[in-house]
Amino acid sequence: MQKLNLTPRQYPGLPGESRRTKARKRAVAAAPQRPEGVVEPARYDRMRAPVWEPAASTPTRPGAHDFQRVESRGLSC
């Protein structure tokens with residue numbers, strides 16, 4: 001009976017730690033640390049941004065919007 005090898009496989013050409021992992025670790029270590037409680041600056045000012053308004057469209061055929069002239073006959077409260 002053979003012994004079962006449970007150690008992780010080592011493939012030639014692929015080190016245990018990839019280059020991407022090493023680069024990520026270096027980037028995290030080199031990144032400036034913000035003081036605690038400081039919020040990132042806003043990227044987009046929504047209060048001063050222009051408000052989108054769709055362009056006015058013409059009816060697809062003459063009389064297409066005539067139904068809007070008729071008062072609703074629904075239940076009035």
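What you see is a predicted model, and the numbers here were worked out from it, not measured in a lab. We number each residue from 1, following the sequence as shown.
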Sub-4.5 Å side-chain heavy-atom contact between Pro50 and Trp52: no
Qualifying residues under salt bridge (charged side-chain N to carboxylate O under 4.0 Å, His left out), relative to Glu36, sequence neighbours excluded: none
Residues which pass side-chain contact (heavy atoms from CB on, under 4.5 Å) with Asp66, listed by chain and number, not counting sequence neighbours: Arg69
For Arg61, all residues meeting side-chain hydrogen bond (donor to acceptor under 3.5 Å, both in side chains), sequence neighbours excluded: none
Set of side-chain contact (heavy atoms from CB on, under 4.5 Å) partners for Gln68, sequence neighbours left out: His65
All side-chain hydrogen bond (donor to acceptor under 3.5 Å, both in side chains) counterparts of Arg46, not counting sequence neighbours: none
